[in-house]
Amino acid sequence: MSDLGDWFRSIPLITRYWFAGSIAVPLVGKLGLVSPVSLFLWPDAFIHRFQIWRPITATFFFPVGPGTGFLYLVNLYFLYQYSSRLETGAFDGRPADYMFMLLFNWICIVITGLAMDMQLLMIPLIMSVLYVWAQLNRDMIVSFWFGTRFKACYLPWVILGFNYIIGGSVINELIGNLVGHLYFFLMFKYPVDLGGRNFLSTPQFLYRWLPNRRGGVSGFGVPPASMRRAAEDQQGGGRHNWGQGFRLGDQ
């Protein structure tokens with residue numbers, strides 16, 4: 001038990017709470033301590049009956065059973081692996097920025113869920129995080145199951161196809177990929193690579209709640225275009241290295 005406790009405490013802070021919630025809430029529903037019906041996202045109940053907890057519980061809840069248990073475990077593994085890698089990689093020392101990414105993706109997914117009558121939000125949020133990791137490490141060669149190897153930028157779409165085979169639906173994965181792409185484009189691609197306006201900025205209250213763990217300016221920041229061009233000339237091109245790559249299954 002001490003080894004399990006040590007492993008759990010070694011998980012990065014935000015990922016740890018997300019991972020624990022994604023185990024605890026399905027367990028509560030499975031044991032019947034709370035009716036699973038009250039954990040789904042139902043637009044009518046949320047909007048007209050003011051059951052405001054539903055977007056939160058729908059993010060953590062998954063109906064675990066004989067037909068869904070494997071899909072749940074696979075996505076729980078993706079949550080642990082890729083949220084940990086983002087939190088300790090591109091967002092290392094910046095928990096407020098990582099929390100803002102999760103909140104932005106979550107709000108987009110909740111709005112989409114209400115519009116499309118999506119009752120469960122766990123998989124879309126996990127896939128949005130995985131998509132951001134894949135884009136920040138897009139040229140990294142990853143190994144998937146059965147020995148297949150490809151660039152990390154294709155990983156979200158490979159997983160979409162894999163989940164379709166084992167789960168029979170791709171809507172959740174597709175929504176997650178699109179939301180992840182929206183965040184990546186607005187936070188990284190448009191302001192940094194294309195020199196556009198920075199539309200996303202971590203609010204100051206998150207920095208007060210989750211202060212940076214090392215020196216430097218809060219947030220990612222966008223250097224002036226002249227500085228970007230100079231840096232690109234020094235590096236021999238305009239490509240950006242957004243983080244350290246990892247191989248699937250590395251611990």
Side-chain angles (χ1 to χ4, degrees), residues 1-87 99 102-103 105-114 116-130 145 156 159-177 179 248-249 251:
M1 291 298 293
S2 61
D3 291 340
L4 182 61
D6 291 342
W7 168 79
F8 181 75
R9 286 187 292 271
S10 71
I11 301 174
L13 179 66
I14 297 173
T15 302
R16 187 193 315 159
Y17 282 102
W18 184 11
F19 184 80
S22 298
I23 294 177
V25 175
L27 183 61
V28 166
K30 185 69 174 177
L31 295 176
L33 301 178
V34 175
S35 173
V37 174
S38 65
L39 303 176
F40 290 96
L41 177 62
W42 285 346
D44 181 69
F46 173 68
I47 297 173
H48 299 294
R49 285 184 270 170
F50 303 103
Q51 297 179 359
I52 59 175
W53 65 85
R54 288 185 178 270
I56 299 174
T57 56
T59 303
F60 294 102
F61 180 67
F62 196 88
V64 181
T68 61
F70 181 67
L71 180 61
Y72 168 71
L73 292 176
V74 166
N75 282 280
L76 200 63
Y77 169 80
F78 290 152
L79 186 165
Y80 165 71
Q81 286 287 354
Y82 295 102
S83 180
S84 296
R85 291 171 178 180
L86 265 187
E87 192 173 350
M99 177 62 76
L102 290 178
L103 289 174
N105 290 1
W106 177 73
I107 290 171
C108 292
I109 289 169
V110 168
I111 294 172
T112 304
L114 292 172
M116 298 181 59
D117 196 20
M118 295 169 53
Q119 299 176 0
L120 298 172
L121 308 181
M122 175 187 284
I123 292 178
L125 186 58
I126 293 172
M127 288 301 299
S128 72
V129 169
L130 189 150
W145 291 336
I159 292 176
L160 184 148
F162 176 77
N163 281 359
Y164 175 76
I165 294 174
I166 65 176
S169 175
V170 297
I171 296 299
N172 289 325
E173 291 80 3
L174 182 60
I175 295 300
N177 287 354
V179 169
L248 285 175
Q251 300 298 328

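Residues that satisfy the side-chain hydrogen bond (donor to acceptor under 3.5 Å, both in side chains) test with Gln119, not counting sequence neighbours, are absent from this structure.
The closest side-chain heavy-atom distance from Ile171 to Met116 is below 4.5 Å. Contact of the Phe60 side chain with the Ile23 side chain is not registered, since no non-hydrogen atoms from C-beta on lie closer than 4.5 Å. Using a 4.5 Å heavy-atom threshold, the side chains of Gln51 and Phe46 count as separate. The shortest side-chain heavy-atom distance between Met127 and Asn172 does not fall under the 4.5 Å cut-off. You'll find the side chain of Leu86 stays beyond 4.5 Å of the side chain of Leu130, heavy atoms only.
Rounding to the nearest 0.5 Å places CD of Gln81 at 11.0 Å from CG of Leu76. For the atom pair CZ of Phe78 and OG of Ser83, the computed distance is 14.0 Å after rounding to the nearest 0.5 Å. The structure places CZ of Phe162 at 11.0 Å from CD of Glu173, a figure rounded to the nearest 0.5 Å.
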Listing, residues 28-41 side-chain donor-acceptor contacts under 3.5 Å, not counting sequence neighbours, or none:
from, atom 1, to, atom 2, distance (Å)
Lys30, NZ, Val64, O, 3.1
Ser35, OG, Val37, N, 3.3
Ser38, OG, Ser35, O, 2.7

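Heavy-atom minimum distance, Ile175 versus Pro124: CG2-CB, 4.5 Å. For Leu121 against Gly113, the heavy-atom pair with the smallest separation is CD2-CA, 4.5 Å. Summarising the geometry of Leu125 relative to Asn105, their closest heavy-atom pair is CD1-CB, 3.9 Å, with the distance given to 0.1 Å. Among all heavy-atom pairs drawn from Arg54 and Thr57, the shortest one is O-OG1, 3.2 Å. Of all heavy-atom pairs between Ile14 and Glu87, the closest is N-OE2, 3.0 Å.
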Worked check of side chain to side chain contact (heavy atoms under 4.5 Å, CB included) between Phe62 and Ile123: CA-CA 9 Å; Phe62 196 88; Ile123 292 178; 3.8 Å; yes
Determine, step by step, whether Ser128 and Ile109 satisfy the side chain to side chain contact (heavy atoms under 4.5 Å, CB included) criterion, reporting the C-alpha distance in whole Å, the side-chain angles of both residues, the deciding distance to 0.1 Å, and the verdict. CA-CA 9 Å; Ser128 72; Ile109 289 169; 4.3 Å; yes
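Applying the side chain to side chain donor-acceptor pair (under 3.5 Å) test to residues at least two apart or on different chains, the pairs with a partner in residues 59-76 are Thr59-Trp106.
Side-chain atoms of Thr112 come within 3.5 Å of backbone N or O of Cys108 as a donor-acceptor pair. Between the side chain of Arg16 and the main chain of Arg9, a donor-acceptor pair closer than 3.5 Å is present.
For an aromatic pair to be called close, the ring centres must be under 6.0 Å apart, and Tyr80 with Trp18 fails this.
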